[in-house]
Amino acid sequence: MTITFNQHQAGDLHFLKRLNLSAILEMVRRTPGMTRADIATRAQLTKATVGGGVQTLLKQGWLVEGELLKSSGGRPGRALHLNDHRHLLLGAEVSVHGLQVVACTLSGKTLHQQHIRMAPDAPDTTATALASLIREVIDHPELSERQLLGLGVALPGPIAPDRPLLHLAPNLGWHDVKFLDLLRAELPALGGRWLLDNEAKAAAFGELYFRTDKIPESLLYVSASTGIGSGIVGGGHWPLVTRGTHGLAGEIGHTVLQPGGLYCHCGNRGCAETLVSGWALRAALGVGEDEDLVDTLLHRLQEPEVGMALKRAGEALGTLLLNLHHTLDPAEIVLGGSLTRLGTPLLTPALEYFTANQNRLLGTTQQRPLRIIDDSTYTAARGAAAEVLANTIHATA
C-alpha cells in the first residue's frame, strides 16, 4: 500500500479543511453514534468547524444522521453514522488455490462475494481470471447504484513498500510481478484507488480497521494456509502495518525452525513452512494439487499417519505463535487461513504449546488474547478493501 503525501504551505486552508474532514470521518467510523458536540470535544475543534465538516460529509453521502441523543456537551444532538448505502469498496485476493472477491460497505459489511478454485497459473492468466470474477461481483444488482471508491488486491508474497510490485510468491512461482498493471489492462474502466498488499498484512489491517469495539493497541494476524505468513498492525486513526525495508516483515513461514531440514520453496532449508503449511502436508500425506486439502484430510483422520502429521504441524505452529509473541508482543493475536478448518487435530497441540509457554518471561497467569477465525476465505480480500477506505479517507491530495 503506497501513500503519497503532497507538500502544503503553512496556512493552506483547503488542506486543513481536508484534515478536519478526515478526522471527523475517522471518529465516527471508530465510534458510531457520536454527536457533533462529542466530536468537537474529542478532536478539540470548534463547534463551527465540526458543524461545517459534518454538513459537508452528509451532503457528500459519507455520513447519515440518526436518533437524537444527549451528547457529552450537554445539548441533545443527532447520532452520526457512516452511510452504508452510498459507496462501495472492492477487495480481492489471489491465493495459491483460488481467487476471492468481496464488495463491502464503509463499515465493512459484506454486500456480495465470490470465490473460485484455481490452480496456480501465470500472472497474466490469473489477472484475466480475477478480472472476470470482479466483473461478476460488481454486476450484482445490489451494487449498481453505488459509487466505487477503489480496489485492493492481496497476494501471497512480500510487496515492495514503495511501489505496487510483488517481489516473490514462492508458492505461485511468481517473481517481480507488477500485477496491478496486468489487472488494469483487463479492467480499464474500473475507477477509484487501486492498491496492492501482502495477504497477511491486508488481513491484519482489516481485522483492526473495521473494529468499532474494544480496539486493541496492536493486532497480529497469522495466516496458516498453503504457506504461512503474518502481519502486525498498530492502532490509531490510521493503523500502521509493519513492513520492513523490503516488505519482508511478517514472512514467518521462511524463518528457520529446523536448521539443515527439508528444502523450502524459497530455496532455504528448514523453514517453518516445511513443518507447518498446506504444501508440506500435501507432500507428507500424498494429497494431490487437484484435491481440497482440508476436506481430504478431514475424511482421513482415522489414519494414524494423518493424526501424527497434524500433531507435528500443530506443535510447529505453536512454536511460531510463541516466537511471535516474544518478538512482537502484540495486544491480540488472530489466527486465520484455510488450515484452521482442520480443527482440533491441528489446533489443540498448537494452542496447548502456546498456552503452556507464553508467560515464562512475564511471571503471570494472564493469557494473551488469541482468536481463531474458522472461515477466513474472504479475510484478506476484505482487509484489502479496508485499505482502500483508509487511503481514501486520509488522502491529502
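Basis for what follows: all heavy atoms, side chains included, without hydrogens, waters or symmetry-related copies. Heads up: numbering here begins at 1 and tracks the sequence.
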Let me check something: any side-chain donor-acceptor pairs from residues 213-223 under 3.5 Å, sequence neighbours excluded? List them with distances.
from: Ser218; atom 1: OG; to: Ala331; atom 2: N; distance (Å): 3.0
from: Ser223; atom 1: OG; to: Glu199; atom 2: OE1; distance (Å): 3.3
from: Ser223; atom 1: OG; to: Glu199; atom 2: OE2; distance (Å): 3.3

N/O donor to acceptor pairs below 3.5 angstrom from side-chain atoms of residues 90-101, sequence neighbours left out:
from: Glu93; atom 1: OE1; to: Gln100; atom 2: NE2; distance (Å): 3.0
from: Ser95; atom 1: OG; to: Gly98; atom 2: N; distance (Å): 3.3
from: Ser95; atom 1: OG; to: Gly98; atom 2: O; distance (Å): 2.9
from: Ser95; atom 1: OG; to: Gln100; atom 2: NE2; distance (Å): 3.4
from: His97; atom 1: ND1; to: Thr226; atom 2: OG1; distance (Å): 3.3
from: His97; atom 1: NE2; to: Glu289; atom 2: OE1; distance (Å): 2.6
from: Gln100; atom 1: OE1; to: His115; atom 2: ND1; distance (Å): 2.6

Show which side-chain atoms of residues 316-326 pair as donor or acceptor with protein atoms under 3.5 Å away, not counting sequence neighbours.
from: Thr319; atom 1: OG1; to: Glu315; atom 2: O; distance (Å): 2.9
from: Asn323; atom 1: ND2; to: Thr319; atom 2: O; distance (Å): 3.4
from: His325; atom 1: NE2; to: Gln358; atom 2: O; distance (Å): 2.9

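Judged as a side-chain hydrogen bond (donor to acceptor under 3.5 Å, both in side chains), and not counting sequence neighbours, Glu305 has no contacts. Annotation: salt bridge (Lys or Arg N to Asp or Glu O under 4.0 Å) contacts of Asp329 (sequence neighbours excluded): Arg368. Residues satisfying the side-chain contact (heavy atoms from CB on, under 4.5 Å) test with Glu352, not counting sequence neighbours, are Thr348. With sequence neighbours excluded, the residues forming a side-chain hydrogen bond (donor to acceptor under 3.5 Å, both in side chains) with Arg300 are Glu303, listed by chain and number. Here Arg312 pairs with Met308, Ala309 under the side-chain contact (heavy atoms from CB on, under 4.5 Å) rule; sequence neighbours left out. With sequence neighbours left out, the salt bridge (Lys or Arg N to Asp or Glu O under 4.0 Å) criterion links Arg341 to Asp295. Residues passing the side-chain hydrogen bond (donor to acceptor under 3.5 Å, both in side chains) test with His112, sequence neighbours excluded: Gln114.
The CD atom of Glu251 lies 8.0 Å from the OG atom of Ser230; values are rounded to the nearest 0.5 Å.
For the pair Glu26 (side chain) and Ala23 (backbone), a donor-acceptor distance under 3.5 Å is absent. Under the 3.5 Å distance criterion, the side-chain polar atoms of Arg243 are left unmatched by any main-chain donor or acceptor of Pro161. At least one donor-acceptor pair closer than 3.5 Å links the side chain of Thr255 to the backbone N or O of Ile252. Ser132 contributes no side-chain N or O that, together with a main-chain N or O of Thr128, makes up a donor-acceptor pair within less than 3.5 Å. The closest donor-acceptor contact from the side chain of Thr212 to the backbone of Arg30 lies at 3.5 Å or more, if one exists at all. Between the side chain of Thr340 and the backbone N or O of Gly336 there is no donor-acceptor pair closer than 3.5 Å. His140 places a side-chain N or O within donor-acceptor distance of the main-chain N or O of Glu142, the cut-off being under 3.5 Å.
Across every non-hydrogen atom of Cys271 and Gly253, the tightest pair is CB-O, 3.4 Å. Closest non-hydrogen pair, Thr274 versus Gly270, comes out as OG1-C, 3.8 Å.
Because its NZ or CZ atom is both nearer than 6.0 Å to the ring centre of Tyr209 and within 45° of the ring axis, Arg29 counts as a cation-pi partner of that residue. Trp194 carries Arg184 over the face of its six-membered ring, with the cationic atom under 6.0 Å from the centre and within 45° of the normal.
Inter-residue side-chain proximity for Leu172 and Leu166 is flagged as unmet; no heavy-atom pair is nearer than 4.5 Å. With a 4.5 Å cut-off on side-chain heavy atoms, Leu190 and Ile138 count as touching. In this structure the side chain of Leu88 never reaches within 4.5 angstrom of the side chain of Leu149, judged on heavy atoms. Between Val287 and Leu281 there is no side-chain heavy-atom pair separated by less than 4.5 Å. Proximity of Glu65 to Leu80: side-chain heavy atoms (C-beta onward) are separated by under 4.5 Å at one or more points. Put simply, the side chain of Val241 reaches to within 4.5 Å of the side chain of Phe205, judged on heavy atoms. Residues His167 and Ile159 have side chains not in contact (no heavy-atom distance under 4.5 Å, counting atoms from C-beta outward). By the 4.5 Å heavy-atom criterion applied to side chains, Arg86 and Leu106 are not counted as neighbours.
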Stepwise, does the side chain to side chain contact (heavy atoms under 4.5 Å, CB included) test hold for Leu310 with Leu301? CA-CA 9 Å; Leu310 294 181; Leu301 291 179; 3.8 Å; yes

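The salt bridge (charged side-chain N to carboxylate O under 4.0 Å, His left out) analysis of residues 104-121, with sequence neighbours excluded, yields the pairs Arg117-Asp292. For residues 253-275, the set of pairs meeting the ring pair (Phe, Tyr, Trp, His ring centres under 6.0 Å) definition, not counting sequence neighbours, comprises His265-Trp279.
Here Arg211 pairs with Glu332 in a salt bridge; the nearest charged N to carboxylate O distance falls below 4.0 Å. Of the charged side-chain nitrogens involved, at least one lies within less than 4.0 Å of a carboxylate oxygen, so that Arg371 and Glu207 count as a salt-bridged pair.
Residues Trp174 and Ile228 do not share a hydrophobic cluster, defined by chaining ILVMFWY side chains whose heavy atoms lie under 4.5 Å apart.
A side-chain N or O of Asp38 and one of Thr35 form a donor-acceptor pair less than 3.5 Å apart. One side chain, Thr49 or Thr46, offers a donor N or O that lies under 3.5 Å from an acceptor on the other.
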